[in-house]
Amino acid sequence: MDSGDVGVLGVGELATALLHALAPAWPGRRFHLSPRGEAASRELAARFGFQRHLSNPSVADACRLLIVGVRPAQIAPLAGIEVLHHGLY
């Protein structure tokens, strides 16, 4: 994990718009995408070279900054993710 790694859980419309803005604004950062939002994550990976993961925990483990882009009703399935703080609080 690099300090510039950014993970995104839930790649829907809002996260896609955010990533279109962040990718050019944060050059050199590596972005890791969750499997939620299959079509959008494939398009973003192809366009910007983002890494796609097979699971949400894999994204969380790979990143220092985690963007949760899901609706409130969809947060419960993410509750099982254990995020390592790496000394940051």
Side-chain angles (χ1 to χ4, degrees):
M1 171 184 21
D2 183 279
S3 64
D5 287 352
V6 178
V8 180
L9 302 182
V11 186
E13 291 178 25
L14 180 61
T16 297
L18 182 63
L19 288 166
H20 275 271
L22 289 179
W26 287 356
R29 299 235 185 197
R30 292 184 296 190
F31 289 84
H32 301 262
L33 307 179
S34 75
R36 293 181 61 97
E38 181 76 18
S41 70
R42 284 189 187 279
E43 184 271 324
L44 289 164
R47 182 173 183 167
F48 296 111
F50 296 165
Q51 182 174 346
R52 296 177 67 244
H53 289 255
L54 297 176
S55 71
N56 289 327
S58 175
V59 174
D61 289 344
C63 301
R64 196 146 223 180
L65 172 63
L66 193 60
I67 298 169
V68 179
V70 299
R71 289 181 167 80
Q74 299 169 327
I75 291 204
L78 302 178
I81 294 176
E82 180 180 334
V83 178
L84 304 175
H85 294 285
H86 302 286
L88 300 174
Y89 297 95

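These numbers come from a predicted model, not from an experiment. Because only heavy atoms are used, hydrogens play no part in the values below, and waters and symmetry mates are left out as well, while side chains stay in.
Interatomic distance, R29 CZ to R64 CZ, rounded to the nearest 0.5 Å: 11.0 Å. In this structure, CD1 on I67 lies 12.0 Å from NE2 on H32, to the nearest 0.5 angstrom. Interatomic distance, CG of L33 versus CD of E43, reported as 10.0 Å (0.5 Å rounding).
In terms of heavy atoms, T16 sits closest to V11 at OG1-CG1, 3.9 Å. Shortest non-hydrogen contact noted between D5 and C63 is O-CB, 3.9 Å. The shortest non-hydrogen separation linking L66 to V59 is CD1-CG1, 4.0 Å.
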* **side-chain contact (heavy atoms from CB on, under 4.5 Å) evaluation trace for L44 with F31** => CA-CA 10 Å; L44 289 164; F31 289 84; over 6 Å; no
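The side-chain contact (heavy atoms from CB on, under 4.5 Å) test applied to L14 returns no partner, not counting sequence neighbours. Every residue meeting the side-chain contact (heavy atoms from CB on, under 4.5 Å) condition with S58, not counting sequence neighbours, appears here in chain and number order: H53, S55.
Under a 3.5 Å cut-off, the side chain of S34 and the backbone N or O of N56 do not form any donor-acceptor pair.
L19 is listed as a side-chain neighbour of F50, based on a closest heavy-atom distance under 4.5 Å.
Within the structure, salt bridge (charged side-chain N to carboxylate O under 4.0 Å, His left out) contacts touching residues 45-59 (residues at least two apart or in different chains) are E38-R52.
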